[in-house]
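Working notes, beginning with the structure itself.
Quick caveat: nothing in here was measured; it's all calculated off a predicted structure.
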Amino acid sequence: MELLIAYRDDPAGYNMANFLLKNMTLDGDVFRGDFYDLIIISTPTISADWLEEKYDYDGFVFLSKHAAESGVLALTCHSTGNFSDAKFGGNDRQVAIPHPDLQKRYLQTLQKHQSNFSEFQITIEATHHGPTGLTKPTIFIEIGTTQKQWNDVSLCESVAKLVHQVFTNKITENPVAICFGGTHYSTKFTHELLEGKFALGTVIPKHALDELDEELFSHIISQNKIAKFALLDWRGLGTNKQKILELLKSTSLEIIKL
């Protein structure tokens, strides 16, 4: 069973959680449900590396706000990790175990209901921020992008209904790929997730490829044990194209250029 987590002072996360818990039973500090459990925590979700000290679950799904300087409205979902210094939770140069099949099902469910969110971009983000130290799959589901959207109870409840819908149906398994290159909001990888056959593991954007060395690469591979493919944004690898190809030679991943 999965544990859903929201931070009390995050309006978007709290609004989603507050809707979902209406049909759940409080047991201590955990809201129990038929398909998932839920907690509301008093500290930021990006720093929740401590969760497994108290809670034993198959995976961790964080309900959260999404912020962006651009102000572009977005509904996002992404894995967590730091490719360099941990400026926003988690540990330096550590990535969490992704949650690829859940991410794919959730974003495809959003896409099916695109008409309900016509102002919003539906997109993945590259792997970023904490927590990074949990030993079970970890994913963020986010509503962006300003206070107006975070505090829009109707919007948050509409997204929460789809989160619930995802968990009430069997989540199918897909071939999993680690992604290299491109921008933080990768149109190529998002399109592959929505329209293609792959679910996505860790997504390493172009700006983080400079940080990639054998040690970090080996760690990323170990956190993506179920991945059988490497998706390369071929034009989005920049000067690191040859380095990535050399690192991938040490693996059995099948390379696919997009």
Side-chain angles (χ1 to χ4, degrees), residues 44-47 62 64-100 103 107 121-133 138-142 144-145 176-194 196 198-224 227 229-251 253 255-258:
T45 49
I46 61 173
S47 301
F62 295 91
S64 174
K65 67 183 182 183
H66 166 71
E69 291 182 3
S70 67
V72 173
L73 300 187
L75 301 177
T76 75
C77 186
H78 69 87
S79 58
T80 64
N82 296 311
F83 302 113
S84 56
D85 296 342
K87 297 178 180 178
F88 301 100
N91 301 310
D92 295 346
R93 291 171 59 83
Q94 182 181 53
V95 302
I97 299 170
H99 221 327
Q103 181 188 42
L107 275 198
Q121 179 183 8
I122 293 173
T123 180
I124 66 156
E125 291 180 80
T127 298
H128 68 299
H129 71 59
T132 62
T138 302
I139 198 83
F140 264 67
I141 289 174
E142 301 182 349
T145 299
V176 176
I178 306 173
C179 300
F180 297 86
T183 61
H184 183 75
Y185 303 94
S186 171
T187 54
K188 286 185 178 179
F189 297 146
T190 297
H191 182 267
E192 186 58 48
L193 186 87
L194 291 172
F198 293 108
L200 307 183
T202 300
V203 178
I204 309 133
K206 179 181 178 180
H207 68 80
L209 295 178
D210 285 342
E211 309 291 340
L212 207 56
D213 55 19
E214 289 185 7
E215 181 183 19
L216 180 57
F217 180 79
S218 177
H219 165 66
I220 291 170
I221 296 298
S222 71
Q223 294 292 78
N224 287 265
F229 300 86
L231 292 184
L232 308 186
D233 183 336
W234 194 240
R235 291 185 177 180
L237 292 175
T239 59
N240 289 290
K241 188 175 293 184
Q242 195 57 40
K243 179 175 77 170
I244 301 306
L245 292 175
E246 289 297 322
L247 288 169
L248 286 169
K249 282 182 181 179
S250 66
T251 75
L253 297 176
I255 296 173
I256 296 175
K257 300 174 184 178
L258 299 178

Starting from the C-alpha separation in whole Å, work towards a yes-or-no answer on side chain to side chain contact (heavy atoms under 4.5 Å, CB included) for Ile204 and Ile220. CA-CA 10 Å; Ile204 309 133; Ile220 291 170; 4.0 Å; yes
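- Between Pro100 and Gly201, the closest heavy-atom pair is CB-N, 4.4 Å.
- Here the CD1 atom belonging to Ile141 is positioned 10.5 Å from the OG atom belonging to Ser64, to the nearest 0.5 angstrom.
- The distance from atom CD1 of Ile178 to atom CZ of Phe217, rounded to the nearest 0.5 Å, is 6.5 Å.
- Classification of Lys241 and Asp233 as a salt-bridged pair fails, no side-chain N sitting under 4.0 Å from a carboxylate O.
- Between the side chain of Ser250 and the backbone N or O of Leu247, at least one donor-acceptor pair lies under 3.5 Å.
- Glu192 and Phe198 get closest at one heavy-atom pair: OE2-CD1, 3.3 Å.
- Between Gly89 and Ala86, the shortest heavy-atom distance links the atoms O-CB, 3.6 Å.
- Comment: Glu246 engages Lys249 in a salt bridge, judged by a side-chain N to carboxylate O separation of less than 4.0 angstrom.
- For Thr132 (side chain) and Asn91 (main-chain N/O), a donor-acceptor pair under 3.5 Å exists by modelled atom type.
- Shown here for Asp213 and Leu216, the closest heavy-atom pair between the two residues is OD1-N, 2.9 Å.
- For the pair Thr80 (side chain) and Pro131 (backbone), a donor-acceptor distance under 3.5 Å is present.
- Remark: side-chain polar atoms of Arg235 are not paired, donor with acceptor, to backbone N or O of Leu258 under 3.5 angstrom.
- The structure places CZ of Phe180 at 9.0 Å from CG of Leu237, a figure rounded to the nearest 0.5 Å.
- Judged purely by distance below 3.5 Å, without hydrogens or angles, the side chains of Asn240 and Asp210 pair a donor atom with an acceptor atom.
- Side-chain contact annotation: Thr202 with Asn224, donor-acceptor N/O pair under 3.5 Å present.
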Run the numbers on Ile46 and Phe88 for side chain to side chain contact (heavy atoms under 4.5 Å, CB included), then give the verdict. CA-CA 7 Å; Ile46 61 173; Phe88 301 100; 4.0 Å; yes
Should Leu212 and Ile244 be marked as a side chain to side chain contact (heavy atoms under 4.5 Å, CB included) after you check the CA-CA gap, both sets of side-chain angles, and the distance that decides it? CA-CA 9 Å; Leu212 207 56; Ile244 301 306; 3.6 Å; yes
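- In terms of modelled atom types and a separation under 3.5 Å, the side chain of Lys188 and the main chain of Leu232 share no donor-acceptor contact.
- Going from atom CD of Glu211 over to atom CG of Asp85 covers 8.0 Å, rounded to the nearest 0.5 Å.
- Judged purely by atom type and a 3.5 angstrom limit, Thr145 has no side-chain atom pairing as donor or acceptor with the backbone of Ala67.
- For the pairing with Cys77, the side chain to side chain contact (heavy atoms under 4.5 Å, CB included) check across Thr190, Ile139, Ile124, Leu193 returns one residue only, Ile139.
- A ring-centre distance under 6.0 Å is not found for His66 and Phe140.
- Under the rule for a side-chain contact (heavy atoms from CB on, under 4.5 Å), the partners of His184 that lie at least two apart in sequence or sit in another chain are Glu125, Ala126, His128.
- One distance of note links NZ of Lys243 with CG of Leu248; it measures 11.5 Å at 0.5 Å rounding.
- Checking side-chain atoms of Asn82 against main-chain N and O of Gln94 turns up no donor-acceptor pair under 3.5 Å.
- Side-chain contact annotation: His78 with Glu142, donor-acceptor N/O pair under 3.5 Å present.
- Closest heavy-atom contact between Gln121 and Val72: OE1-CG1, 3.7 Å.
- Separation of atoms CD1 (Ile122) and CG (Leu194) is listed at 7.5 Å; rounding is to 0.5 Å.
- Counting all heavy atoms, side chain and backbone alike, Pro205 lies closest to Phe83 at CD-CE1, 3.9 Å.
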